[in-house]
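These notes concern the structure reproduced below.
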There are 2 protein chains.
Amino acid sequence: MTDSATDARARLEQAGLEATPRRVAVLEALAALPHAPAAQELLDAVRRTTRMDKVTLYRTLDLLVEAGILQRHTGADGAFRHCMAPAGENAPHGHFQCTRCGVMTCLPPLPEALDAAALLPAGVTVEHVEVRLDGVCGRCRQG
Amino acid sequence: MTDSATDARARLEQAGLEATPRRVAVLEALAALPHAPAAQELLDAVRRTTRMDKVTLYRTLDLLVEAGILQRHTGADGAFRHCMAPAGENAPHGHFQCTRCGVMTCLPPLPEALDAAALLPAGVTVEHVEVRLDGVCGRCRQG
DNA sequence: TTGAAAATGCAACTCGGTTGCATTTGAGCC
DNA sequence: GGCTCAAATGCAACCGAGTTGCATTTTCAA
């Protein structure tokens, strides 16, 4: 049993979820990736070690997002990306997405300026803040 | 000819685009809406005055975004929304989207804190900043 | 008026994601 | 070890947003 599998099981059980093989595999695959992958890319990664249907992946992602273990973000292409929710930290972080290769990377926590409730009309409640910077990554710029 | 139609024609010609009936209709419908609609909602609105195919709408939206007349934003549901690009102003503005009714509204220009190139890894170029606050709007909160 | 280019419509398609339902798995119990 | 039942998974069919290819219509210049 690898460390990452142990971590994955710990987070699942801590959230009151059964540590099934696919859930562990999803968390391991996600932790091993340096960015926030689209569903298809994550599915490919998981399948290198575990058989998994795409429906199971989507249901697993829903579950893990619901449990607060993962975060879901919208890409510029309209497809969802998922990344590990930083444990114990609640300052939102933004993402950078390359318009050429589509890779989405996590950024450090945002300055609190985005807490900007001042911008909002009265009577609304904010549950989630999404900040995405779109541009060209270093790799694509050179290639 | 209404004022909004005149405005629409002006913006189109200023951008070097032909002021065709559907383009004018799209701009008028968009200017009349108090929020940034999804394509289907915009199509419904346009069709109250003009016959239009959905493909034509999508192509028109592409064109107007390309020309800088409209801005395209990604909703929490992954569908695109469009709003008028504020003329002559280039500070990005964010959006609030209600997670219940899905309505996306434009916010005032963002504090410059988001210019946060400091957050970025070296070698990347930012072309577009997307800020979206998700929550519950006043109307949905009461209803 | 006419001819070419641009704009539009229509049909079929892609892609990300979801739903319904049958089957398998696995934790708890004997 | 073998049961049992709920939860987890797989499979097929589906849905909605957006796209592509191509035929038709409109528009503008000559």
Side-chain angles (χ1 to χ4, degrees), chain A residues 5 8-9 12-13 15-29 36-47 49-67 69-82 97 99 102-104, chain B residues 8-9 12-13 15-29 36-47 49-67 69-82 97 99 101-104:
Chain A
R9 284 164 191 279
L12 285 165
E13 277 154 21
L17 299 175
E18 223 177 286
T20 71
R22 345 257 133 184
R23 290 177 190 167
V24 172
V26 167
L27 287 179
E28 284 195 85
Q40 186 59 55
E41 183 184 354
L42 182 54
L43 190 55
D44 291 343
V46 168
R47 281 178 171 164
T49 68
T50 312
R51 164 187 188 186
M52 178 147 74
D53 189 79
K54 70 166 180 170
V55 176
T56 305
L57 175 61
Y58 284 117
R59 285 195 279 234
T60 301
L61 290 174
D62 282 350
L63 193 77
L64 297 178
V65 168
E66 188 70 18
I69 299 176
L70 300 187
Q71 288 180 2
R72 171 171 296 159
H73 301 283
T74 49
D77 54 2
F80 294 129
R81 318 273 155 152
H82 293 82
Q97 186 174 21
T99 54
V103 168
M104 177 181 280
Chain B
R9 283 164 190 281
L12 285 165
E13 277 154 20
L17 299 175
E18 227 177 280
T20 70
R22 346 258 133 180
R23 290 178 189 167
V24 172
V26 166
L27 287 179
E28 284 195 86
Q40 186 58 54
E41 183 185 353
L42 183 55
L43 190 55
D44 292 343
V46 168
R47 281 178 171 163
T49 67
T50 311
R51 166 191 184 178
M52 177 146 74
D53 189 79
K54 71 167 178 168
V55 176
T56 305
L57 175 61
Y58 283 117
R59 285 196 278 235
T60 301
L61 291 173
D62 282 350
L63 193 77
L64 297 177
V65 168
E66 188 71 18
I69 299 176
L70 299 187
Q71 289 181 1
R72 170 172 297 158
H73 301 284
T74 49
D77 54 3
F80 294 130
R81 318 270 154 154
H82 294 82
Q97 186 174 21
T99 54
C101 63
V103 168
M104 177 181 280

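The basis for the numbers below is simple: all heavy atoms, side chains too, and nothing from hydrogens, waters or symmetry mates. Below, read A as the first sequence line, B as the second, and so on, with proteins coming before strands; counting in each chain starts at 1.
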TODO: Quickly work out the A:E13 CD to C:dA27 C1' distance and round it to whole Å.
DONE: 13 Å
Open item on the list: Walk me through whether A:R81 and A:Q97 qualify under side chain to side chain contact (heavy atoms under 4.5 Å, CB included).
Closed with: CA-CA 11 Å; A:R81 318 273 155 152; A:Q97 186 174 21; 3.4 Å; yes
Open item on the list: Is there a side-chain contact between A:M52 and A:V26 in this structure, where contact means two heavy atoms from C-beta onward sitting under 4.5 Å apart?
Closed with: yes
Task: Spacing of A:E66 atom CD relative to D:dA8 atom P, expressed in whole Å - done: 14 Å
Task: Side-chain N or O of A:T20 closer than 4.0 Å to phosphate OP1/OP2 of D:dA8 - done: no
TODO: Using a cut-off of strictly less than 4.0 Å between a heavy atom of the residue and any atom of DNA chain D, enumerate the qualifying residues of residues 73-81 of chain A by number.
DONE: none
Task: Protein-nucleotide distance (B:L12, atom CG; D:dT27, atom P), rounded to Å - done: 14 Å
Open item on the list: Is the phosphate of D:dT19 approached by B:Y58 (side-chain N or O, under 4.0 Å from OP1 or OP2)?
Closed with: no
Open item on the list: Considering every strand and a 4.0 Å limit on heavy-atom distances, what is the contact class for B:R23: base, sugar-phosphate, or nothing?
Closed with: sugar-phosphate
Task: Side-chain donor/acceptor of B:R23 to backbone N/O of B:R9, under 3.5 Å - done: no
Task: Residue-phosphate contact under 4.0 Å: A:R72 side-chain N/O, C:dG16 OP1/OP2 - done: no
Open item on the list: Of the listed nucleotides (C:dA12, D:dC11, C:dG9), which one gets closest to any side-chain atom of B:K54?
Closed with: C:dA12
Task: Contact check, side chains of B:L70 and B:L27, non-hydrogen atoms, under 4.5 Å - done: yes
Task: Test item: A:T49 side-chain N/O and A:V46 main-chain N/O as donor-acceptor pair under 3.5 Å - done: yes
Open item on the list: Under a 3.5 Å distance rule, please check whether B:R22 uses its side chain to pair with a backbone N or O of B:R51 as donor and acceptor.
Closed with: yes
Open item on the list: Heavy-atom nearest nucleotide on DNA chain C for B:R59 versus B:E18: which residue maps closer to 5'?
Closed with: B:E18
- [ ] Please state whether the phosphate of C:dT25, meaning OP1 or OP2, lies under 4.0 angstrom from any side-chain nitrogen or oxygen of A:R22.
- [x] no
- [ ] Check every strand shown and say whether A:A39 touches a base, only sugar-phosphate, or nothing at a heavy-atom separation below 4.0 Å.
- [x] sugar-phosphate
Task: Atom-to-atom span, CG of B:D62 to P of D:dA17 - whole angstrom - done: 16 Å
- [ ] Starting from P on C:dG9, measure out to CE on B:M52 and report it in whole angstrom.
- [x] 8 Å
